[in-house]
Each structure stands twice: as structure tokens, then as C-alpha cells.
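Structure first, commentary second.
Just so it is clear, the model here is predicted, and its values are computed rather than measured.
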Amino acid sequence: MPLQLRDCGPISRVGLGTWATFGDGVDEATARQVVAAALDAGITHIDTAPSYAGGIAEEWLGQFLSNRTDVVISTKAYFDTTGNPVGLGR
């Protein structure tokens, strides 16, 4: 049974993380395939941050998921794309 979050509907118990992968470990085409496979497997929660690969992970997810309303993205709000603690970023 999926978790139920207030105001956003159910999300999967397992999420997809993008740290040390999207932009650093895999190229854009592979990242797109990973996201598609995760969605096909029922994953509806994806974790990212503006500091992952200098912002590339968030940018790619924005492109890949621009037409989706059934995916919950969790991100961070402490480090900017250079890893400096400055508060809110993009």
C-alpha cells in the first residue's frame, strides 16, 4: 500500500535517488531511461538537490517530468550548486 501524503496523494514506499548519478555517474540519455524504468516500476518519489552535479540532476528531472503530476520530488534548501550553505537556491 502506498504512503499517503497530505495534499499530494499517494507516493511509493521506495524512491529514486539522483545523488552521485545524474550528471556525474550517468549521461542524460541513461538518466532518462532510469527515470522511465522507475516510473514503470511504480516509483512516484524522486530525491534530488540543487548541489547534485552542479544542478544538472534537478534540471534533467524538470525536463523528464515536465508533463507529470503524479510524481513527488523532494529536494534540499541549504546548499547551492557549489556546495556552499546559503539557504534557498533554484
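Summarising the geometry of Leu61 relative to Ile46, their closest heavy-atom pair is CD1-CG2, 3.6 Å, with the distance given to 0.1 Å. When every heavy atom of Ser12 is checked against every heavy atom of Gly42, the shortest pair comes out as CB-O, 3.5 Å.
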Run the side-chain donor-acceptor check on residues 27-37: report pairs under 3.5 Å with partners two or more places apart or on a different chain.
| from | atom 1 | to | atom 2 | distance (Å) |
| --- | --- | --- | --- | --- |
| Asp27 | OD1 | Ala29 | N | 3.4 |
| Asp27 | OD1 | Thr30 | N | 2.8 |
| Asp27 | OD1 | Thr30 | OG1 | 2.7 |

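Trp19 and Phe64 are not part of a single hydrophobic cluster, where members link through side-chain heavy atoms under 4.5 Å apart.
One N or O on the side chain of Thr18 and one on the backbone of Asp47 form a donor-acceptor pair closer than 3.5 Å.
A distance of 5.0 Å separates CG of Leu16 from CZ of Phe22, quoted to the nearest 0.5 Å. How far OG1 of Thr48 is from CD of Glu59: 10.0 Å, rounded to the nearest 0.5 Å. Put simply, CG on Asp70 and CD1 on Ile11 are 12.0 Å apart, with the number rounded to the nearest 0.5 Å.
The shortest distance between side-chain heavy atoms of Thr75 and Tyr52 does not fall below 4.5 Å.
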